[in-house]
Number of protein chains: 2
Amino acid sequence: MGATMKDIAKRTGLGLATISSYLNGGNVREKNRIKIEEAIRELHFEVNEVARGLKTNRTKTIGIVIPELNNIFFAEIITEAEDILRSHGYATMICDCRSDTEREKEAVDFLYHRRVDGLIVMPTGTSDPGFQKFIRAGKPIVMIDRKMKDVCCDCILVDNEGAAEDAVNRLVRAGHRKIGMIAGPEDVYTARERQRGYEKALRENNAVYEEGLMARGNYTIAGGAKAMRQLWENNPDMTAVFISNYEMTVGAMMEINDLGIRVPDELSVIGFDNVDFAKASVPRLSIVTQPTAQIAQEAADTLIEKLQERDSAVNQKEDGQDREKTTVTVTLKTGFVEGCSVKASEKVS
Amino acid sequence: MGATMKDIAKRTGLGLATISSYLNGGNVREKNRIKIEEAIRELHFEVNEVARGLKTNRTKTIGIVIPELNNIFFAEIITEAEDILRSHGYATMICDCRSDTEREKEAVDFLYHRRVDGLIVMPTGTSDPGFQKFIRAGKPIVMIDRKMKDVCCDCILVDNEGAAEDAVNRLVRAGHRKIGMIAGPEDVYTARERQRGYEKALRENNAVYEEGLMARGNYTIAGGAKAMRQLWENNPDMTAVFISNYEMTVGAMMEINDLGIRVPDELSVIGFDNVDFAKASVPRLSIVTQPTAQIAQEAADTLIEKLQERDSAVNQKEDGQDREKTTVTVTLKTGFVEGCSVKASEKVS
DNA sequence: ATGAAAGCGCTAACAA
DNA sequence: TTGTTAGCGCTTTCAT
């Protein structure tokens with residue numbers, strides 16, 4: 001179908017090696033360069049990356065495994081990361097595992113068969129779905145958003161604990177004492193972190209911490225709605241609530257509307273992620289924001305760096321052993337967008 | 001690094017063809033099957049899909065080109081499609097071209113080099129970014145959401161005109177006469193279709209159609225906000241508005257809140273896409289919904305079918321020529337989710 | 001700077 | 001059913 005290097009060689013009367021050299025930025029006599037370029041144009045030649053991949057044992061492809069593509073937070077990161085990787089010549093194979101550990105395993109396996117050069121992952125569960133295979137094969141992994149005990153790799157995290165702490169502190173500073181939280185599932189890393197921040201803020205401010213002030217929402221819209229209702233019914237004296245992810249923020253707002261709760265007069269609210277939603281809410285929501293673009297940039301950069309390290313290590317085999325597995329963990333700061341959903345309570349401490 | 005078929009052959013004392021046959025579901029003597037499976041397990045053998053792809057000229061990979069991954073409508077479709085394709089053994093390479101025709105060209109080229117077997121695309125512009133190359137190579141393309149004159153391929157569309165018409169009709173039936181529309185960019189297929197539906201509904205109902213009642217919002221949040229303000233300022237007697245995509249719906253709602261417009265008392269609103277946002281709005285928005293899962297299913301099915309057709313055509317070469325390029329265009333119905341954002345006006349016709 | 005030739009891991013004739 | 005062999009399109013020594 002398409003022309004191959006052989007065709008170019010024949011057409012130009014040159015050898016295969018010369019064509020290859022030309023294609024890979026090697027030195028070629030001016031005269032030949034022109035001939036080659038002409039032939040390429042006339043024969044519509046395009047490098048076959050598959051063949052190249054077979055030979056070099058590098059597919060120039062990165063696998064991405066995420067819990068949900070259909071989720072703005074993840075989607076924003078992936079968009080950025082894909083863009084950066086592609087600009088470096090890397091294709092990305094995205095696998096959405098629907099927050100299911102079984103599917104996650106399949107996805108990792110799938111990508112392994114496809115011989116991707118590296119992985120960017122947001123692990124769903126707490127146990128390794130097969131990352132070790134990649135590590136053993138010397139293929140770098142960058143973990144995003146969540147950390148994992150038994151897998152040794154680079155991590156790009158967000159200061160979830162700090163974010164939650166800061167949010168709750170803002171409520172405390174506004175004079176609130178009975179502050180509820182809608183937390184995520186216990187088995188999710190970020191959820192635990194955010195919960196810890198909430199508890200820390202309360203402790204340090206000598207505010208009340210009661211079991212009943214924390215409801216779990218499972219990181220879903222429906223979960224957020226249910227948790228909100230539960231909190232509202234069980235805590236008539238609660239004056240503020242901190243919601244710890246986007247989906248639950250949406251769900252909670254739905255429920256708040258249904259219950260006819262006036263924000264911020266009856267209840268102050270701080271949500272999470274998605275500035276657009278926050279701005280379109282009535283009243284505008286105050287929210288914690290995550291640096292999605294930065295996460296993507298760090299992740300892509302880290303991975304590409306590791307990949308290049310590996311490439312050059314092949315050429316100058318000398319340092320084959322002293323390649324210490326130095327892994328980096330970057331923790332990024334969150335942001336805060338002020339809305340009108342927090343009311344200064346009577347007493348300001 | 002990993003074991004190859006050769007290793008398995010050596011280990012079992014069998015020939016390469018036998019191993020290959022086993023791997024591809026051929027018949028192998030029970031005794032040998034066991035030996036092979038044992039060797040595979042012990043050597044941790046995994047098929048190298050890259051090598052297989054080189055040989056068969058099939059990468060079992062589908063390219064997806066979309067304007068924005070970071071957009072719920074697209075993301076929902078992609079998630080579904082990826083899932084279906086993967087379950088059929090196809091990997092997907094997603095390229096987000098940021099609604100930029102230049103990037104779109106690059107993406108199509110990129111995927112061509114990667115030798116993907118087929119394409120699912122939502123074209124950004126109106127001219128071919130390189131699809132012909134795929135068609136010429138016999139690689140199927142399925143176009144989603146938008147249609148394109150000069151490219152002959154299967155299309156999965158949505159009845160945009162009907163959707164808009166229906167929405168506006170609802171407003172008319174509720175007694176509205178001065179109905180505004182926030183339309184999308186003129187060069188986007190769906191935008192034109194939706195606008196046509198709006199105009200048709202007005203015409204058929206003898207309602208007023210004035211230039212000033214239509215504002216263009218560019219399919220973005222900011223655009224939607226600006227268009228809303230413009231409509232509101234120029235049409236003091238407008239009692240209802242139809243917003244023709246999700247982002248603009250969000251933007252319009254922000255502006256409505258900022259302007260202090262009471263919905264639906266002062267203004268009735270019908271938005272587009274994203275049920276979650278609609279439900280979380282105050283009041284709950286009435287919206288047009290698109291069948292994202294169905295779109296994905298149709299697209300994936302159509303593509304897979306074409307792919308299989310092509311595969312079997314290779315084996316039974318007889319019908320090489322009578323492979324008519326029969327292309328299908330499916331148009332799916334939209335849905336409507338009733339909220340509380342439409343008020344019955346005084347006079348009901 | 002260029003050419004010849006070997007081989008990456010697999011599939012697919014063709015033989016046996 | 002199984003083994004042998006020849007490539008798929010590229011990169012990469014090793015000569016020249």
Side-chain angles (χ1 to χ4, degrees), chain A residues 1-36 39-40 43-61 89 112-115 117 137 311-312 314-317, chain B residues 1-36 39-40 43-61 89 112-115 117 137 311-312 314-317:
Chain A
M1 194 105 287
T4 74
M5 272 174 52
K6 236 188 210 159
D7 299 324
I8 305 293
K10 212 169 291 171
R11 174 77 159 232
T12 56
L14 295 167
L16 266 179
T18 312
I19 316 297
S20 176
S21 170
Y22 165 82
L23 290 173
N24 294 291
N27 279 338
V28 174
R29 226 193 294 278
E30 180 69 6
K31 208 175 63 183
N32 290 329
R33 216 205 62 216
I34 295 174
K35 270 208 283 193
I36 295 176
I40 287 182
L43 272 51
H44 301 289
F45 168 80
E46 318 232 15
V47 184
N48 185 331
E49 297 287 352
V50 179
R52 185 180 266 176
L54 175 61
K55 183 67 196 178
T56 59
N57 202 23
R58 279 175 179 57
T59 53
K60 284 280 194 175
T61 301
Y112 188 77
H113 286 165
R114 293 310 188 117
R115 297 294 196 268
D117 294 338
D311 280 358
S312 53
V314 169
N315 294 339
Q316 10 157 336
K317 289 199 176 106
Chain B
M1 195 104 283
T4 73
M5 272 173 54
K6 236 187 210 159
D7 298 325
I8 304 293
K10 211 169 291 169
R11 175 77 158 232
T12 55
L14 294 166
L16 266 179
T18 314
I19 315 296
S20 177
S21 170
Y22 166 82
L23 290 174
N24 294 292
N27 278 337
V28 175
R29 226 193 295 279
E30 179 69 7
K31 209 175 62 183
N32 290 330
R33 217 205 62 216
I34 296 174
K35 271 209 284 193
I36 294 175
I40 287 181
L43 271 51
H44 301 289
F45 168 80
E46 318 232 15
V47 185
N48 184 330
E49 297 285 353
V50 179
R52 186 180 266 176
L54 176 61
K55 182 67 197 178
T56 59
N57 201 23
R58 280 177 178 56
T59 53
K60 282 281 191 176
T61 302
Y112 189 75
H113 286 166
R114 295 310 189 115
R115 297 297 196 267
D117 294 338
D311 280 358
S312 52
V314 170
N315 293 339
Q316 9 158 337
K317 292 204 175 102

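Reminder, nothing fancy here: chain letters follow the sequence lines and each chain counts from 1. For the numbers below, each heavy atom of this structure counts, side chains included, while hydrogens, waters and symmetry mates do not.
Smallest separation of non-hydrogen atoms from B/Arg114 and A/Gly89: NH2-O, 2.9 Å. Between B/Leu54 and A/Leu54 the shortest heavy-atom distance is CD2-CD2, 3.2 Å. B/Ser21 and B/Val28 get closest at one heavy-atom pair: OG-CG2, 4.1 Å. The two residues A/Ala3 and A/Phe45 have their closest heavy-atom pair at O-CD1, 3.2 Å. Across all non-hydrogen atoms, the minimal contact from A/Arg115 to B/Val50 is CB-CG2, 4.0 Å.
Between A/Asn24 and the phosphate of D/dT11, there is a side-chain N or O to OP1/OP2 separation shorter than 4.0 Å. At C/dC10, none of the side-chain N or O atoms of B/Asn48 fall inside 4.0 Å of OP1 or OP2 (strictly under the cut-off). Between B/Ser20 and C/dT11 there is a side-chain N or O to OP1 or OP2 distance below 4.0 Å. The shortest distance between the side-chain N/O atoms of B/Arg52 and the OP1/OP2 oxygens of C/dG9 is not below 4.0 Å. Phosphate contact (OP1/OP2 of D/dC8, side-chain N/O of A/Lys6, threshold under 4.0 Å): present.
Between B/Ala51 and B/Gly15, the one whose closest nucleotide on DNA chain D sits nearer the 5' end is B/Gly15. Along DNA chain C, the nucleotide nearest to B/Ala17 and the one nearest to B/Phe45 differ in position, and the one closer to the 5' end is contacted by B/Phe45.
Separating the NE2 atom of A/His113 from the P atom of C/dC10 is a distance of 11 Å, rounded to the nearest angstrom. A straight line from CG of A/Leu14 to C1' of C/dG3 spans 10 Å, rounded to a whole angstrom. Rounded to whole Å, the distance from CD1 on A/Ile19 to P on D/dT12 is 16 Å. Regarding B/Ile34, its CD1 atom lies at a distance of 16 Å from the P atom of D/dT1, rounded to whole Å. Rounded to whole Å, the distance from CZ on A/Arg58 to C1' on D/dT12 is 14 Å. Atom-to-atom, CG of B/Leu43 to P of C/dG9 comes out at 13 Å; the value is rounded to the nearest Å. When the P atom of C/dG9 is taken as reference, atom OH of B/Tyr22 falls 20 Å away, rounded to whole Å. In this structure, the CE atom of A/Met5 is 12 Å from the C1' atom of C/dG3, given to the nearest Å.
Residue-level contact check: A/Val47 touches the backbone only, with heavy atoms under 4.0 Å from sugar-phosphate atoms and none from bases. Within the nucleic acid shown, B/Val28 comes within 4.0 Å of sugar-phosphate atoms alone, with no base atom in reach, counting heavy atoms only.
Screening residues 2-12 of chain A for salt bridge (Lys or Arg N to Asp or Glu O under 4.0 Å), with sequence neighbours left out, gives A/Arg11-A/Glu42.
Checking D/dT11, C/dA13, C/dG3 against every side-chain atom of A/Thr18, the shortest atom distance belongs to C/dG3. Checking D/dT1, C/dC10, C/dA1 against the side-chain heavy atoms of B/Arg29 singles out D/dT1 as nearest. When each of D/dT11, D/dT13, C/dC8 is scored by its nearest atom to the side-chain atoms of A/Thr56, the top-ranked nucleotide is D/dT11. Picking from D/dT1, C/dG9, D/dC10 the nucleotide with the shortest atom distance to the side chain of B/Asn27 gives D/dT1.
You won't find any donor-acceptor pair under 3.5 Å spanning the side chain of A/Lys55 and the base of D/dG9, going by distance alone.
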